[in-house]
**Student:** 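Take a look at this one; I'll ask things after.
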Amino acid sequence: TGATTGTKSLDYPVGLITADEVAFAGGLVGAFNKQYYLYTGSYYWTMSPSFSGSLFFVEDDGELGNNVYYAGYGLRPVINLKSSVKFTGSGTIDNPYIVS
């Protein structure tokens, strides 16, 4: 079927977050940070290749890691929304985003 906008190469507009997106949010290599919105307290992969021949990942302390010794990390999908999509809420647990 394929996408109808963008590069038209995706059947479903879902992927993994990039290391750049984690870094822009506050997750940096060598810096613990539990105060940014992508922090979950769990390890999860990004889709960005690292210098160690693996992929960058987010550690349980919020740090962006690149030397992997364990492969049992989670995945956090990201979706791409059209600019015309409307949403309400603040994105907190008490006032989550509602996309319409």
**Student:** Going only through I, L, V, M, F, W and Y residues with side-chain contacts under 4.5 Å, is there a path from Val22 to Tyr73?
**Tutor:** no
**Student:** Is there a path from Phe51 to Leu28 through hydrophobic residues (I, L, V, M, F, W, Y) whose side chains come within less than 4.5 Å of each other?
**Tutor:** no
**Student:** Can you name the one residue among Val14, Leu16, Ile17, Thr18 that meets side chain to side chain contact (heavy atoms under 4.5 Å, CB included) with Val78?
**Tutor:** Ile17
**Student:** Looking at Phe32, I want to see if its CZ is surrounded by more than 12 non-hydrogen atoms of other residues, nucleotides or ligands under 6.0 Å.
**Tutor:** no
**Student:** Can Tyr37 be reached from Phe57 by stepping across I, L, V, M, F, W or Y side chains whose heavy atoms are under 4.5 Å apart?
**Tutor:** no
**Student:** Locate the shortest heavy-atom distance separating Ala19 from Ser48; write the atom from each residue and the value.
**Tutor:** N-OG, 2.8 Å
**Student:** Which heavy-atom pair separates Phe56 from Leu64 by the least distance, and what is that distance?
**Tutor:** CD2-CG, 4.0 Å
**Student:** Can you tell me if Tyr39 uses its side chain to pair, donor with acceptor, with the backbone of Gly26 under 3.5 Å?
**Tutor:** no
**Student:** Supply the atom-to-atom distance Tyr43 OH to Glu63 CD, rounded to the nearest 0.5 angstrom.
**Tutor:** 9.0 Å
**Student:** Between Leu75 and Leu55, is there shared hydrophobic-cluster membership here, with clusters defined by ILVMFWY side-chain heavy atoms closer than 4.5 Å?
**Tutor:** yes
**Student:** For the atom pair NZ (Lys34) and CG (Asp60), what is the distance rounded to the nearest 0.5 Å?
**Tutor:** 7.5 Å
**Student:** Looking only at non-hydrogen atoms, find the nearest pair between Pro96 and Ile93 and report the distance.
**Tutor:** CD-O, 3.9 Å
**Student:** Spell out, yes or no, whether Met47 and Tyr44 are grouped together once hydrophobic residues are joined by side-chain heavy atoms under 4.5 Å, including indirect joins.
**Tutor:** no
**Student:** What distance separates Ser50 OG from Trp45 CH2, expressed to the nearest 0.5 Å?
**Tutor:** 8.0 Å
